[in-house]
There are 2 protein chains.
Amino acid sequence: MSSTPDLLFRTLADPTRRAIFERLCREGEQTVGALTTRSGVSQPAVSKHLGALKLAGLVRDRHEGRQTHYSAQPGALDPLIDWTSQMAGFWQNRLDALDDLLKRMDQ
Amino acid sequence: MSSTPDLLFRTLADPTRRAIFERLCREGEQTVGALTTRSGVSQPAVSKHLGALKLAGLVRDRHEGRQTHYSAQPGALDPLIDWTSQMAGFWQNRLDALDDLLKRMDQ
DNA sequence: TTGATTCATAACCCTACAGTTATGGGTAAG
DNA sequence: CTTACCCATAACTGTAGGGTTATGAATCAA
């Protein structure tokens, strides 16, 4: 059902890249120039990060004249949410099993 | 409230390390030797990954004789869950704002 | 047309880190 | 006591990838 979160984890692991994605989530659509401002890195670096984010399906790009607008892609984090709840579910199941065991030992 | 998910993302970005963590979640407590089996890498590599997972608070270790048992640490993924829902919340807010705008334009 | 602006790509450097083998400390077994 | 086993650490290597500068393609302005 849910696709592998591998690419998602690798893409979001870099702090600079994750910060760019967070800004797009918080403030909405941005041009590359706007994103470069206060990103702490050069414009080519930002472009590469945006390329990686796009490859992971985390952002969309929209060309308008000579500038490119990027925006966060809703739903792209779903595999991440699925994975975390699955992991959380596993130890929950074992806690339940332990609970059952204790109950059976009790009686 | 929620701590930075930076270390969590970096730690879970590696596929081998994430696979070890998944196994601990699915199958419960495991010794290093058991985890080395079918991990595809050497025992020292597994030990290093377990060290990294422990540093990120994702696993606990329990010493018993000459072997060390590792287990997934429940709740360690909470910052990750917080971060994702926060990001999801941001674009949800903007969708709501857009919705409001459209309603006001409509009347 | 010329010049300025915006972004993407190329080419390169350098560091972080995942992997390895070698080894030692601690514990159980003979 | 000696041997075998389990794990952690040290030391080293190779590579993936994030950073840079340089440059070109495309668009807008003068």
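Chain letters run A, B, ... following the sequence lines, proteins first and then strands; every chain starts at 1.
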Next on the checklist: Hydrophobic cluster membership, with links at side-chain heavy-atom distances under 4.5 Å among I/L/V/M/F/W/Y: are Leu8(B) and Leu7(A) in one?
Outcome noted: no
Send over the distance from [X] [atom1] to [N] [atom2], rounded to a whole Å.
| X | N | atom1 | atom2 | result |
| --- | --- | --- | --- | --- |
| Asp61(B) | dC7(D) | CG | P | 12 Å |
| Gln43(A) | dT9(C) | CD | P | 11 Å |
| Gln67(A) | dT27(D) | CD | C1' | 10 Å |
| His63(B) | dA28(C) | NE2 | C1' | 17 Å |
| Leu53(B) | dA8(D) | CG | P | 12 Å |
| Arg17(A) | dA16(D) | CZ | P | 16 Å |
| Leu12(B) | dA18(C) | CG | P | 12 Å |
| Asp14(B) | dA16(D) | CG | P | 13 Å |

Next on the checklist: Quick check for you: among dA8(C), dG19(C), dC7(D), whose closest atom lies nearest to any side-chain atom of Tyr70(A)?
Outcome noted: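 Looking only at heavy atoms from C-beta outward on Tyr70(A), the closest nucleotide is dA8(C).
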Checklist entry - Which nucleotide sits closest to the side chain of Ser42(B): dT20(D), dA8(D), dT20(C)? => result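 Nearest to the side-chain atoms of Ser42(B), counting from C-beta on, is dT20(C).
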Checklist entry - At under 4.0 Å between heavy atoms, what does Thr68(A) touch on the DNA or RNA strands: base, sugar-phosphate, or nothing? => result sugar-phosphate
Checklist entry - Is atom CZ of Arg60(B) surrounded by more than 12 heavy atoms (other residues, nucleotides or ligands) closer than 6.0 Å? => result no
Checklist entry - Do any side-chain nitrogens or oxygens of His69(A) fall under 4.0 Å of OP1 or OP2 in dC7(C)? => result no
Checklist entry - Closer than 4.0 Å, any side-chain N/O of Ser47(B) to the OP1 or OP2 of dT9(D)? => result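 Negative; the distance criterion is not met.
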Taking all non-hydrogen atoms of both residues into account, name the closest pair between [X] and [Y] and its distance.
| X | Y | value |
| --- | --- | --- |
| Leu77(A) | Met87(B) | CD1-CB, 3.7 Å |
| Leu58(A) | Phe21(A) | O-CE1, 3.4 Å |
| Gln30(A) | Ala34(A) | OE1-CB, 3.5 Å |

Considering only heavy atoms from C-beta outward, does the side chain of [X] approach that of [Y] to under 4.5 Å?
| X | Y | answer |
| --- | --- | --- |
| Glu27(B) | Phe90(A) | no |
| Ile20(A) | Leu50(A) | yes |
| Thr11(A) | Arg18(A) | no |

Next on the checklist: With side chain to side chain donor-acceptor pair (under 3.5 Å) as the criterion, how do Gln73(B) and Trp91(A) come out once you've worked through the C-alpha distance, each side chain's angles and the decisive distance to 0.1 Å?
Outcome noted: CA-CA 9 Å; Gln73(B) 183 80 333; Trp91(A) 51 260; over 6 Å; no
Next on the checklist: With nearest nucleotide decided by heavy atoms, which residue, Glu64(A) or Ala34(B), maps closer to the 5′ end of DNA chain D?
Outcome noted: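 The 5'-side residue here is Ala34(B).
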Can you name the atoms? Protein N/O to nucleotides 10-16 of chain C N/O, anything below 3.5 Å, with the distance.
none

Item to check | Base of dC5(D) paired with side chain of Arg66(B) (donor-acceptor, under 3.5 Å) | outcome: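 Answer yes: a donor N or O sits under 3.5 Å from an acceptor.
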Item to check | Residues Asp14(B) and Arg10(A) bridged, charged N to O under 4.0 Å | outcome: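 No, Asp14(B) and Arg10(A) are not salt-bridged.
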Checklist entry - Roughly how bent is the helix from dT1(C)-dA30(D) to dG30(C)-dC1(D) end to end, in steps of 10 degrees, with each end axis from five pairs? => result 10°
